[in-house]
Visitor: 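Before anything else, here's the structure in question.
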Amino acid sequence: MSVDHYRFTVGEFDCYSFSDGHFNYPLDVFFANADRPALERALRQRDLPLEHVTTPYACLLVDGGGQRVLVDMGAGILGPDEVHLFPSVDNSNSVAGRIVPNMRAVGIKPESIDKVIITHAHPDHVGGALDAQGNLHFPNARYFMAEAEWAFWMSEAASERVSANLLRIARKNLEPLQEQMSFVGHDFEIASGVRTVATYGHTPGHLAVSVTSNGERLLHISDVALHPLHLEHPAWYPVLDLDPAQARATRRRVMDRAAAQETLLFAHHFAPFPNMGYVRKVGKGWRWAPIDSHRRP
């Protein structure tokens, strides 16, 4: 198995998890309200750094029914934006923008992508929309996102709720997609067996994606949770949750159902690659149980 891609099936669908790389964030961005001693204890128990969070990025491709559907586009080549996003953290060893080369490595051309679902407009989900020359990476695709998400990022109010850098990156990558964009709501069928799930809170129009075939199901949770510690400590939340109370309620609804139904999850930020696993109910929270990627989930 390559560390850059992982092939698996959901029923009759061929699917891939593609690594887009990894990025460092300040600790307080991921854990805005966590008790610092408790957070440091939890990090030490997992042999994780105390100064920052290194988070992986991964994107899902579903190939079935004559349609290739990509969920999010990764961070792209952040270039000069990188240092401005979180200047307090060293990202000299960060790697991003690996989706397209990793797709090409397994013989999938970006031009062959039929549909792209944008779960929300943070840089690590839309930054891969354009290449270095400003051309669409997926020129033949139809794009789908929640109307509330688009409206927020194009509104004047957005400048009061997100940083100038986040807003600039979102608009730079979304505006060229407008002619190929369709707005969707909850439980919208993007393609046969691929449907949207409303998971608002992290952003105003945040979507999860359900993939179902022959009785098998995968739920792509995107940023319903950014770290397994958000599952074990449900009161902790990232500063990137624009509505923390709504995001916590969404997280509880999604995770309780996933645990009860033993649903296979795909999580954009959850290590180890391929960012897939299950959640188990533990006390008032849940525990992340990654798949063994050497075997069929």
Visitor: Given 3.5 Å as the limit, does a donor-acceptor pair link the side chain of His227 with the main chain of Leu229, or not?
Guide: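 Flag set: sc His227 to bb Leu229 pair under 3.5 Å.
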Visitor: Applying a strict under-4.5 Å side-chain criterion to I, L, V, M, F, W and Y, I'd like to know whether Met154 and Ile118 cluster together.
Guide: yes
Visitor: Is it the case that one hydrophobic cluster holds both Val279 and Phe273, taking links as side-chain heavy atoms less than 4.5 Å apart, direct or via other members?
Guide: no
Visitor: Would Asp14 and Arg7 pass as an ion pair if we require N to O under 4.0 Å?
Guide: yes
Visitor: Check the orientation of Tyr16 and Phe18. Use parallel for under 30°, tilted for 30 to 60°, and perpendicular for over 60°.
Guide: parallel
Visitor: Measure the shortest side-chain to side-chain distance between Ile291 and Leu264 over non-hydrogen atoms and say whether it is less than 4.5 angstrom.
Guide: yes
Visitor: Which heavy atom of Asn102 sits nearest to which heavy atom of Ser19, and what is that distance?
Guide: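 Shortest heavy-atom contact: ND2-O, 2.8 Å.
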Visitor: Going hydrophobic residue to hydrophobic residue with side-chain gaps under 4.5 angstrom, can you get from Leu207 over to Val62?
Guide: yes
Visitor: How are the rings of His202 and His206 set relative to one another: parallel (under 30°), tilted (30 to 60°) or perpendicular (over 60°)?
Guide: perpendicular
Visitor: To the nearest 0.5 Å, how far apart are OG1 in Thr9 and CG in Asp63?
Guide: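 One gets 12.5 Å once the value is rounded to the nearest 0.5 Å.
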Visitor: Are there more than 12 heavy atoms of other residues, nucleotides or ligands under 6.0 Å from atom CD of Glu111?
Guide: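 Enclosed: over 12 neighbouring heavy atoms sit under 6.0 Å from CD of Glu111.
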Visitor: Above 12 or not: heavy atoms from other molecules or residues under 6.0 Å from CD of Glu12?
Guide: no
Visitor: Does the ring centre of His220 sit less than 6.0 Å away from the ring centre of His268?
Guide: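 No, they do not, as the ring centres are separated by 6.0 Å or more.
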Visitor: Decide yes or no for Leu48 and Thr54: does some side-chain heavy atom of the first lie under 4.5 Å from some side-chain heavy atom of the second?
Guide: no
Visitor: Would you name the heavy atoms of Val211 and Phe13 that are closest together and state the gap between them?
Guide: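 Minimum heavy-atom separation between Val211 and Phe13: CG1-CD1, 3.7 Å.
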Visitor: Please report the interatomic distance OG1(Thr199) to CG(Asp223), rounded to the nearest 0.5 Å.
Guide: 9.0 Å
Visitor: Without swapping roles, check the side chain of Asp20 against the backbone of Ala75 for a donor-acceptor pair under 3.5 Å.
Guide: yes
Visitor: Looking at Pro139, is its backbone amide N or carbonyl O close enough to the side chain of Gln180 to form a donor-acceptor pair, meaning the two atoms are under 3.5 Å apart?
Guide: yes
Visitor: Quick one: pull up CD1 in Ile99 and CE in Met103 and give me the separation to the nearest 0.5 Å.
Guide: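 Going from the CD1 atom of Ile99 to the CE atom of Met103 covers 8.0 Å.
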Visitor: Tell me whether Glu262 at atom CD has more than 12 heavy atoms from other residues, nucleotides or ligands lying less than 6.0 Å away.
Guide: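 For Glu262, atom CD is not crowded (no more than 12 foreign heavy atoms under 6.0 Å).
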Visitor: Check the orientation of His120 and His125. Use parallel for under 30°, tilted for 30 to 60°, and perpendicular for over 60°.
Guide: tilted
Visitor: Should Lys115 and Arg68 count as side-chain neighbours, where that means a heavy-atom distance under 4.5 Å?
Guide: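 Answer no - side chains too far apart.
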Visitor: Checking the side chain of Lys281 only, and the main-chain atoms of Ala260 only, is there a donor and an acceptor separated by less than 3.5 Å?
Guide: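 Not at all, since once roles are kept as given, no pair shorter than 3.5 Å links the two residues.
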Visitor: Kindly give the heavy-atom pair with the smallest separation between Ile221 and Met255, and that separation in Å.
Guide: CD1-CE, 3.7 Å
Visitor: Which atoms form the tightest heavy-atom contact between Phe8 and Ser17, and what is the distance?
Guide: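 For Phe8 versus Ser17, the nearest heavy atoms are CE2-N, 3.9 Å.
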Visitor: Hey, does the side chain of Asp243 reach the backbone of Gln246 with a donor-acceptor pair shorter than 3.5 angstrom?
Guide: yes
Visitor: Can you see which heavy atom on Trp153 is nearest to which on Leu166, and at what distance?
Guide: CZ3-O, 3.9 Å
Visitor: How many angstroms lie between atom CD of Glu160 and atom CG of Leu167, to the nearest 0.5 angstrom?
Guide: 11.0 Å
Visitor: Any heavy-atom pair between the side chains of Val29 and Pro238 that's under 4.5 Å?
Guide: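 Sidechains of Val29 and Pro238: no contact.
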Visitor: Using only atom types and a distance under 3.5 Å, with no angle test, would you say the side chain of Asp241 pairs donor to acceptor with the backbone of Tyr237?
Guide: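 Not a single qualifying donor-acceptor pair exists.
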Visitor: So does Phe188 get a backbone contact from the side chain of Thr196, meaning a donor-acceptor N/O pair under 3.5 Å?
Guide: yes
Visitor: Give a yes or no on whether Arg257 atom CZ has more than 12 heavy-atom contacts from other residues, nucleotides or ligands under 6.0 Å away.
Guide: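 Counting other residues, nucleotides and ligands, CZ of Arg257 stays at 12 neighbours or fewer.
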Visitor: Okay, side chain of Asp28, backbone of Ala32: is any donor-acceptor separation there less than 3.5 Å?
Guide: no
Visitor: Given side chains that start at C-beta, do those of Cys15 and Leu61 come closer than 4.5 Å, heavy atoms only?
Guide: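 Result no, sub-4.5 Å side-chain heavy-atom pair not found.
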Visitor: Under the 3.5 angstrom rule, does the side chain of Asn24 hit a backbone N or O of Val89 as a donor-acceptor pair?
Guide: no
Visitor: Using a distance-only test with no angle check, is there a side-chain donor-acceptor pair under 3.5 angstrom linking Glu149 and Thr203?
Guide: yes
Visitor: Following the transitive rule for hydrophobic clusters with a side-chain heavy-atom cut-off under 4.5 Å over Ile, Leu, Val, Met, Phe, Trp and Tyr, establish whether Phe138 and Leu174 coincide in one cluster.
Guide: yes
Visitor: Got a salt bridge between Arg46 and Glu232, using NZ or NE/NH1/NH2 to carboxylate O under 4.0 Å?
Guide: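 Answer for the salt bridge query: yes.
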Visitor: Begin with the C-alpha distance, continue with both residues' side-chain angles, and end with the deciding distance and a verdict on side chain to side chain contact (heavy atoms under 4.5 Å, CB included) for Phe270 and His230.
Guide: CA-CA 11 Å; Phe270 279 26; His230 291 136; 6.0 Å; no
Visitor: Determine whether Met73 and Val116 make a side-chain contact, defined as any pair of heavy atoms from C-beta on separated by less than 4.5 Å.
Guide: yes
Visitor: Compute whether any side-chain donor of one residue and acceptor of the other, for Trp286 and Asp256, lie under 3.5 angstrom apart.
Guide: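 Yes - a donor-acceptor pair under 3.5 Å links their side chains.
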Visitor: Take Leu177 and Leu136 through the test side chain to side chain contact (heavy atoms under 4.5 Å, CB included) and record every step on the way to the result.
Guide: CA-CA 8 Å; Leu177 308 178; Leu136 299 186; 3.5 Å; yes
Visitor: Give me the atom names and distance for the closest heavy-atom approach of Phe152 to Ala158.
Guide: O-CB, 3.1 Å
Visitor: From Phe144 CZ over to Ile190 CD1, what is the distance, rounded to the nearest 0.5 angstrom?
Guide: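 Atom-to-atom, Phe144:CZ and Ile190:CD1 are 5.0 Å apart.
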Visitor: Checking Val197 against Val254 for the side chain to side chain contact (heavy atoms under 4.5 Å, CB included) test, could you report, in this order, the C-alpha distance in whole Å, the side-chain angles of both residues, the deciding distance, and whether it holds?
Guide: CA-CA 10 Å; Val197 180; Val254 170; 5.8 Å; no
Visitor: Should Glu51 and Leu27 be marked as a side chain to side chain contact (heavy atoms under 4.5 Å, CB included) after you check the CA-CA gap, both sets of side-chain angles, and the distance that decides it?
Guide: CA-CA 6 Å; Glu51 302 79 22; Leu27 204 61; over 6 Å; no
Visitor: Do Phe31 and Phe23 share a hydrophobic cluster, counting only Ile, Leu, Val, Met, Phe, Trp and Tyr and linking them when any side-chain heavy atoms are less than 4.5 Å apart?
Guide: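 The answer is yes; both residues are in one hydrophobic cluster.
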Visitor: Verify, without hydrogens or angle tests, whether Asn173 (side chain) and Gly128 (backbone) share a donor-acceptor contact under 3.5 angstrom.
Guide: no
Visitor: Would you say that Cys59 contacts Val71 through its side chain, given a criterion of any heavy-atom pair below 4.5 Å between the two side chains?
Guide: no
Visitor: Mind checking the CZ-CD1 spacing from Arg195 to Ile117? Nearest 0.5 Å is all I need.
Guide: 11.0 Å
Visitor: Does NZ in Lys109 sit with more than 12 non-hydrogen atoms of other residues, nucleotides or ligands closer than 6.0 Å?
Guide: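 No - once you tally the heavy atoms of other residues, nucleotides and ligands closer than 6.0 Å, there are 12 at most.
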Visitor: Can a side-chain donor-acceptor contact be found between Ser92 and Asp90 if the only test is distance below 3.5 angstrom?
Guide: yes
Visitor: Do Phe30 and Thr55 have side chains that approach each other closer than 4.5 Å (heavy atoms only, starting at C-beta)?
Guide: yes
Visitor: Regarding Arg142 and Ser182, do their side chains bring together a donor and an acceptor under 3.5 Å, going by distance alone?
Guide: yes
Visitor: Please state whether the rings of His269 and Tyr57 are parallel, tilted or perpendicular, taking 30° and 60° as the class boundaries.
Guide: perpendicular
